[in-house]
Trainee: 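Got a structure for you, questions after.
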Amino acid sequence: MLPHPPRQQSLAGKSSAPSSGLGVSPRSPGLERRRPSEELMPKTLEGQITMEKTPSYFVTREAPARIYSMSRATKLIVVVRDPVTRAISDYTQTLSKKPDIPTFESLTFKNRTTGLIDTSWSAVQIGIYAKHLDNWLQFFPMRQILFVSGERLISDPAGELGRVQDFLGLKRIITDKHFYFNQTKGFPCLKKAEGSSKPHCLGKTKGRTHPNIHPEVVQRLRDFYRPFNMKFYQMAGRVFGWDD
Ligand SMILES: Nc1ncnc2c1ncn2[C@@H]1O[C@H](COP(=O)(O)OS(=O)(=O)O)[C@@H](OP(=O)(O)O)[C@H]1O
């Protein structure tokens, strides 16, 4: 027998495997979190929400049809950030695992002289959000998709999570009171971790220092993404302000 379909799905970011989420999930009543890599999706009972997080789904061509055939009522949450910063972040993550890879600049351009961008490089490709969203809209209406601003998640975590809770039809349990800004980490952290009375920040792999990229390269990428960003704002019904 197939497991009961999850009612909620979350897709964002870089990694291709299901992962434990952003670590900011004080337990809401009825919110279950499991890792499908470890066990099958559990049955979802009345009043419960089942959640799964696989960042690469957002950019996987087959994912919308597969999720739709499992449950067309699935709600989708995607964290998006400025695609230029995202590409640099993606590169930084790869570099930390494989220090011998070519420079960011050489991977970005197909032809450095003409400034032609290599759109087949995944770090560039993933940031073309409008294109990926198009795929999802073939199956799911916009009202079932929530885009969370990666920038606001840092500057106003409670505000962004307020939107998430509303979208899921949950009471606003996570508020400003749950966060503090950790100066050392340079990011918001939880005052109390789940099931503990101690503060909790995300790990060392979140919030790494990015390498300095030549401003000309950054500008060329900004110009490249601008039209896609504009299209994306229109489709998503929210201006993320990446080109201000
Ligand atoms: N509170 C808090 N603490 C630390 N980091 C935070 C936080 N909120 C958002 N971020 C941003 O999350 C980025 C890492 O998320 P990833 O996209 O790599 O996650 S995942 O691998 O897809 O699970 C990470 O990107 P980098 O700065 O490039 O490391 C952060 O900018």
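Values below: every heavy atom of this structure, side chains too, minus hydrogens, waters and symmetry copies. Order of listing sets the numbers, starting from 1, for every ligand and every atom in it.
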Trainee: Which residues, ordered by chain and number, are linked to F181 in its hydrophobic cluster, where ILVMFWY side chains connect at heavy-atom gaps below 4.5 Å, directly or through other members?
Mentor: none
Trainee: Going by distance alone, is a donor N or O of one side chain under 3.5 Å from an acceptor N or O of the other, for T50 and Q48?
Mentor: no
Trainee: Indicate yes or no: does an N/O atom of L202 lie under 3.5 Å from an N/O atom of ligand 1?
Mentor: no
Trainee: With a 6.0 Å cut-off on the ring centroids, do F147 and Y129 count as close?
Mentor: no
Trainee: Find all atoms of ligand 1 within a distance of less than 4.0 Å from any non-hydrogen atom belonging to Q93, and give their numbers and elements.
Mentor: 18 (O)
Trainee: Is M142 close to M235 at the side-chain level, that is, under 4.5 Å between some pair of heavy atoms?
Mentor: no
Trainee: The criterion is ring-ring contact (aromatic ring centres under 6.0 Å, His included); which residues satisfy it with Y180, sequence neighbours excluded?
Mentor: none
Trainee: With heavy atoms of S89 as the reference, note each atom of ligand 1 found under 4.0 Å away.
Mentor: 25 (O), 26 (P), 28 (O)
Trainee: At less than 4.0 angstrom from any non-hydrogen atom of H210, what atoms of ligand 1 do you find?
Mentor: 26 (P), 27 (O), 28 (O)
Trainee: Whether the side chain of E160 engages the backbone of G150 through a donor-acceptor N/O pair (distance < 3.5 Å, no angle test) should be reported.
Mentor: no
Trainee: Would you say G207 has any N or O atom under 3.5 Å from an N or O of ligand 1, going by distance alone?
Mentor: yes
Trainee: Below 4.0 angstrom from a heavy atom of K53, which ligand 1 atoms are there? Numbered from 1 as shown, please.
Mentor: 23 (O)
Trainee: Using a strict 4.0 Å cut-off to heavy atoms of P55, name the atoms of ligand 1 that fall inside it.
Mentor: 22 (O)
Trainee: Compare T209, N182, I154 and give the one whose heavy atom is closest to atom 11 (C) of ligand 1.
Mentor: I154
